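Please find one structure pasted underneath; my questions will follow.
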Amino acid sequence: MRAPVRQFVIGEEKRRDFPSWPLPGYEPRRFHLQADSALSPEAPANSSPDGYSYDPANTTPAAGGVRLAFGMKAGWGDNTALEARGVLLTYTTSVLDKDVEVVGEVSAEIFFRSSLPYADVFVRLCDVDGKGRSTNVCDGLVSLANADKTSPADVRLWPTAHRFKRGHRIRVQASSGAFPRYNRNPGTDKPRATATTLRPARQLVFHDPEHPSAMLLPTR
């Protein structure tokens, strides 16, 4: 009899059967955002927040990912060029000395503040290979009101089954858009489809003991 859950594990390139979902044996593990663009299970030290600019008139483009729009490239994509544009933040682990398997529900807690009350937080998990190519694994977006006050943004990403191979690195992207996959946030409370006023903003991401931003990965 077939198992209740059958999952294709990317990186292993193999289908595996599991007895239930969420999968037993994969516990959420916090990978904390750190100073100097680092990502680590260690608790963050005292550090200043990182910042980036968001302009809805020239919004952050999407690179791959889940989408149904005709003619738009979906699925895995090289994010290296996008990450070099300076419109988002990245946090990356050191080179993995063994395989890390992530299977299940993925989420992030990002301590965030904007110069405007209305903002989006987009978070993406990426796999960086030995040559430095950054490939998207899964992602998610949350819209905030009162974003001009420092608070945790709880972002639910798509579930995944992915094996980060030894010699690779785990990367987290943080930005405020992925257009046209998500409608751009105009920086106001007006409907996104009809808003005509577009307000640029300055965004801050915090990573210190009082604001321990992290990606939560179900690992084994």
Side-chain angles (χ1 to χ4, degrees), residues 33 37 39 49-91 105-127 134-160 162 171-207 211 213-217:
L33 280 56
S37 301
L39 183 71
D50 296 321
Y52 63 94
S53 297
Y54 169 75
D55 185 356
N58 185 27
T59 189
T60 310
V66 178
R67 61 177 73 183
L68 299 176
F70 179 77
M72 303 297 294
K73 179 175 173 54
W76 303 318
D78 187 353
N79 283 233
T80 309
L82 174 62
E83 292 170 352
R85 289 183 54 176
V87 294
L88 53 81
L89 302 174
T90 61
Y91 300 89
E105 305 286 341
V106 179
S107 63
E109 182 184 40
I110 306 298
F111 286 85
F112 178 87
R113 187 173 76 226
S114 175
S115 58
L116 298 175
Y118 302 96
D120 290 348
V121 177
F122 176 78
V123 177
R124 169 168 279 182
L125 176 66
C126 292
D127 185 339
S134 177
T135 302
N136 53 292
V137 175
C138 61
D139 50 47
L141 179 143
V142 66
S143 297
L144 305 176
N146 299 318
D148 52 347
K149 298 178 176 61
T150 303
S151 61
D154 295 319
V155 186
R156 183 176 179 181
L157 287 71
W158 282 68
T160 192
H162 189 95
R171 175 169 291 170
V172 172
Q173 292 180 10
S175 69
S176 290
F179 184 81
R181 182 178 169 196
Y182 294 98
N183 287 338
R184 61 189 176 185
N185 191 317
T188 70
D189 60 350
K190 303 302 181 184
R192 300 190 184 201
T194 57
T196 56
T197 299
L198 304 177
R199 300 183 63 191
R202 184 66 178 169
Q203 324 288 47
L204 294 176
V205 170
F206 295 79
H207 40 71
H211 309 94
S213 295
M215 178 75 86
L216 281 72
L217 300 179

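Along the sequence shown, residues carry numbers from 1. Keep in mind that what you see is a predicted model, and the values were worked out from it rather than measured.
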Does any N or O in the side chain of S115 come within less than 3.5 Å of the main-chain N or O of R202, such that one atom is a donor and the other an acceptor?
-> yes
Is there side-chain contact between P49 and H211, with at least one heavy-atom pair below 4.5 Å?
-> no
Can you tell me how far CG of L82 sits from OG1 of T90, rounded to the nearest 0.5 angstrom?
-> 10.5 Å
Where is the tightest heavy-atom contact between N183 and D120, given as atom of each residue plus distance?
->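 Scanning both residues completely, I find the closest heavy atoms to be O-OD2, 4.2 Å.
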Enter the distance from L141:CG to R181:CZ here, rounded to the nearest 0.5 Å.
-> 8.5 Å
Would you sort out whether F206 and T150 count as a side chain to side chain contact (heavy atoms under 4.5 Å, CB included), showing the intermediate values?
-> CA-CA 9 Å; F206 295 79; T150 303; 3.8 Å; yes
If you measure only the distance, is there a donor-acceptor pair under 3.5 Å linking the side chains of Q203 and S176?
->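 Result is yes, a qualifying pair exists.
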Closest heavy-atom contact between L89 and G51?
->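 That closest heavy-atom pairing would be CD2-O, 3.7 Å.
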4.5 Å side-chain heavy-atom contact, H162 and D127 = yes
Quick one: do the R171 and N79 side chains pair a donor with an acceptor below 3.5 Å?
-> no
Take atom CZ of R156 as the centre, draw a 6.0 Å sphere, and report whether it contains more than 12 heavy atoms from other residues, nucleotides or ligands.
-> no
What closest approach, in Å, do A153 and V121 show between heavy atoms, and which atom pair accounts for it?
-> CB-CG2, 4.0 Å
W158 side, atom CH2; D139 side, atom CG - distance, nearest 0.5 Å |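 The CG atom of D139 is 9.0 Å from CH2 of W158, to the nearest 0.5 Å.
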Would Y54 and N185 count as having a side-chain donor-acceptor pair, cut-off 3.5 Å?
->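 There is no such pair (donor and acceptor under 3.5 Å, judged by atom type) between the side chains of Y54 and N185.
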Identify the heavy atoms of P56 and P186 that sit nearest to each other, and give their distance.
->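 Answer, listing the atom of P56 first, then P186: CG-O, 4.0 Å.
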Verdict with reasoning, L88 to R124, per side chain to side chain contact (heavy atoms under 4.5 Å, CB included) = CA-CA 11 Å; L88 53 81; R124 169 168 279 182; over 6 Å; no
Verdict with supporting geometry, F111 and L33, side chain to side chain contact (heavy atoms under 4.5 Å, CB included) = CA-CA 10 Å; F111 286 85; L33 280 56; over 6 Å; no
What are the two closest heavy atoms between A108 and V123, and how far apart are they?
->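 Heavy-atom minimum between the residues: CB-CG1, 4.0 Å.
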What do the steps show when you test Y91 against M215 for side chain to side chain contact (heavy atoms under 4.5 Å, CB included), and what is the final call?
-> CA-CA 10 Å; Y91 300 89; M215 178 75 86; over 6 Å; no
Hey, could you give me the CZ/CG distance between F112 and L204, rounded to the nearest 0.5 Å?
-> 8.0 Å
Please name the pair of heavy atoms, one in R199 and one in G187, separated by the smallest distance, quoted to 0.1 Å.
->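 Result for this residue pair: CD-O, 3.9 Å.
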To the nearest 0.5 Å, tell me how far T188 OG1 sits from L116 CG.
->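 If we round to the nearest 0.5 Å, T188:OG1 and L116:CG are 9.5 Å apart.
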Interatomic distance, Q173 atom CD to N136 atom CG [nearest 0.5 angstrom] |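 Separation between the atoms: 8.0 Å.
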Indicate whether any N or O donor in one side chain lies under 3.5 Å from an N or O acceptor in the other, for R192 and S143.
-> yes
E83 and S134: CA distance, side-chain angles, deciding distance, side chain to side chain donor-acceptor pair (under 3.5 Å) verdict | CA-CA 9 Å; E83 292 170 352; S134 177; 2.7 Å; yes
